[in-house]
Number of protein chains: 2
Amino acid sequence: MEHNGQQVGRPRDSRVDEAITAAVRKLLGEVGYAGLTVAAVAECAGIGKASIYRRYATKHEMIFAAVVHGEVLEVPPDTGSLLGDLTALARVIVGHLSNPAAAGALMSLLGEIAADPTLAERFTTTFVDPERAGNAELLERAVRRGELERLPDIDLFHAMFGGTVLSWLFISHHDPHDLPERLARFVCAALRSAAHQPLPSDRVPAVADERSVAPDGRSRP
Amino acid sequence: MEHNGQQVGRPRDSRVDEAITAAVRKLLGEVGYAGLTVAAVAECAGIGKASIYRRYATKHEMIFAAVVHGEVLEVPPDTGSLLGDLTALARVIVGHLSNPAAAGALMSLLGEIAADPTLAERFTTTFVDPERAGNAELLERAVRRGELERLPDIDLFHAMFGGTVLSWLFISHHDPHDLPERLARFVCAALRSAAHQPLPSDRVPAVADERSVAPDGRSRP
DNA sequence: ATCCTTTCGAGACTGTAGTTTCGAAACTAT
DNA sequence: ATAGTTTCGAAACTACAGTCTCGAAAGGAT
């Protein structure tokens, strides 16, 4: 009988996992989200389709994992000022969203997410929550530094910062080269002003704690 | 030979056009973007699939036309204050994006647009440009009213306002009920601050407290 | 060493849905 | 009227997601 947590049977080859994500990213850049087929991923990775569906329930989950995996936005280091920090954060976001492979896929993925609560849940815990936490940390630095009197509306700030970049790139299709400076200056001004105003409401959006989703998102057969 | 503008051959039945868009909207509300099939649209409209593909090159174009047609965001009427106008504008955007049918479709559409320059062009002229023009008009009112010293960065404002709502709804999945007030207040503060800053500089004022945000009395139209 | 379980690549199979083809019908021009 | 053109609905075509089976291989357990 099997020991605690130890798997019985042939273990999964981690090289297969890497080959899948590498193939997905490569093909996303070449043929785009709509042109991506599971068969092509398998061939490009030199594996069988079964090895893909053993790991991911659907094609979308496969793409999701390949696009989001490890892409959690790191909090930029302390630059010494709120304006500097915001500029650096905007640069990180722009950098990630300018990657053509992940970029187009992310939008299509958001479409899927809008119609698939399971995927939405995973997306939130994997991507959204950490990113918002990073934003919060950045703002707390400004409070400690004395640049802000109190913590601003984190949820609004988070939606605004990322949402602006998203809209700038994928709706307006503007050149992002000077967006970080413009956005950071604008938001910085808003934060300094808003810090003097009372918050519109005092509801605390409790984050639903979900427990134990398998790391690979696939319940074992 | 054909006369000026007159079409030769059997004319299109305008009832078919109407039936298509009506069927798309009806089905989007029932089954969502991912569950929408061309066959279902054809059956629901009581027509053949060929009549759809004669009008639209792809399924996505069909949905795009059905969703965007006539949905151009109207500029809300003058409420007498910038804050009021911004709140009203945010309510309009939230209202449109909260429509489940259009909402999921828009995100998936943005994914297609990222990979299809033709669709991107149509989307820009049909949807993005008019919306930005509407935003500009609203800000010009504030300048005429004397609330703003000069016209702010229109492109940034446009991306920020719509992008924030987009992110709030489809990335953070938050409740939008009080978003218009929060967003409008925040952006209003930013506009007032940014209006009397030099545009191309990166000055770093310490904690220069400005209490000039007093005239905030009205909040509702 | 020998089972037992699981993963592996490969390929066949199925159902669904986007797209195209086809004969008939509708309309204009001569 | 008749030829030419375009639209119509129905049906055929095609691609692909997703599933399954196969024989082989890689572990762990006894």
Side-chain angles (χ1 to χ4, degrees), chain A residues 1-20 23-24 27 31-64 66 108-109 112 115-116 118-119 214 216-221, chain B residues 1-20 23-24 27-28 31-66 105 108-109 111-112 115-116 119:
Chain A
M1 53 188 58
E2 72 282 3
H3 278 350
N4 48 6
Q6 278 293 58
Q7 295 289 344
V8 53
R10 176 175 176 174
R12 287 192 183 169
D13 189 342
S14 65
R15 295 193 310 262
V16 171
D17 298 74
E18 297 160 11
I20 292 174
V24 169
L27 290 173
V31 300
Y33 189 97
L36 193 80
T37 69
V38 177
V41 171
E43 188 187 11
C44 177
I47 61 169
K49 288 200 294 177
S51 294
I52 291 177
Y53 281 101
R54 203 170 291 118
R55 290 165 169 76
Y56 308 107
T58 67
K59 181 176 93 158
H60 301 298
E61 290 218 14
M62 173 190 72
I63 299 176
F64 173 80
S108 296
L109 215 45
E112 295 297 325
D116 182 349
T118 301
L119 214 53
D216 63 351
R218 179 103 164 104
S219 32
R220 280 242 329 95
Chain B
M1 58 185 67
E2 75 283 2
H3 277 352
N4 49 7
Q6 278 294 60
Q7 295 289 347
V8 55
R10 177 176 175 173
R12 286 195 184 167
D13 189 341
S14 65
R15 295 192 311 261
V16 172
D17 297 74
E18 296 159 13
I20 291 174
V24 169
L27 291 173
L28 270 182
V31 301
Y33 188 98
L36 192 80
T37 68
V38 177
V41 172
E43 187 188 12
C44 176
I47 61 170
K49 291 199 277 184
S51 295
I52 292 176
Y53 282 99
R54 200 168 296 112
R55 292 164 169 76
Y56 309 107
T58 67
K59 180 177 100 160
H60 302 296
E61 289 216 18
M62 171 191 73
I63 300 176
F64 173 77
S108 296
L109 212 47
E112 296 296 323
D116 183 347
L119 210 55

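Here is the naming used below: chain letters follow the sequence lines, and residue numbers restart at 1 for every chain.
Applying the 3.5 Å distance criterion, the base of C/dT6 shares no donor-acceptor pair with the side chain of A/R10.
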In 5'-to-3' order, the base (B), backbone-only (S) or no-contact (-) status of each nucleotide in nucleotides 10-20 of chain C, using a 4.0 angstrom heavy-atom cut-off, is B-B----SBBB
For residues 59-66 of chain B, run the donor-acceptor check on the side chains, cut-off 3.5 Å, and write out each pair with its distance to 0.1 Å, sequence neighbours left out.
from: B/K59; atom 1: NZ; to: B/L36; atom 2: O; distance (Å): 3.0
from: B/H60; atom 1: ND1; to: B/Y33; atom 2: OH; distance (Å): 2.6
from: B/H60; atom 1: NE2; to: B/E112; atom 2: OE2; distance (Å): 3.4
from: B/E61; atom 1: OE1; to: B/R122; atom 2: NH1; distance (Å): 2.7

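Nearest approach of B/K49 to B/A42, heavy atoms of both residues: CG-CB, 3.8 Å. Annotation for A/L27 and A/C44: closest pair CD1-CB, 4.0 Å, computed over non-hydrogen atoms. Here the closest non-hydrogen pair linking A/Y56 and A/I20 is CE1-CG2, 4.1 Å.
For the side-chain contact (heavy atoms from CB on, under 4.5 Å) test, residues two or more places apart in sequence or in another chain that qualify with B/D17 are B/R55. Scanning for salt bridge (charged side-chain N to carboxylate O under 4.0 Å, His left out) contacts around A/R15 gives A/D13, with sequence neighbours left out. Evaluation of the side-chain contact (heavy atoms from CB on, under 4.5 Å) rule for A/A19 yields A/A45 as partners, not counting sequence neighbours. B/A50 is linked by a side-chain contact (heavy atoms from CB on, under 4.5 Å) to B/R54, counting only residues two or more places apart in sequence or in another chain.
A stem is defined here as three or more consecutive Watson-Crick or G-U pairs, each with both distances under 3.5 Å; for DNA chain D these stems are C:1-30 with D:1-30.
A straight line from CG of B/D13 to P of C/dA24 spans 21 Å, rounded to a whole angstrom.
Applying the 4.0 Å criterion to OP1 and OP2 of D/dT7, one finds that B/S51 has every side-chain N and O outside that range.
Nearest to the side-chain atoms of A/R55 among the listed nucleotides C/dC8, D/dA26, D/dC8 stands C/dC8.
Within the nucleic acid shown, B/R54 comes within 4.0 Å of at least one base atom, counting heavy atoms only. Among the heavy atoms of the strands, none lies under 4.0 Å from B/R15.
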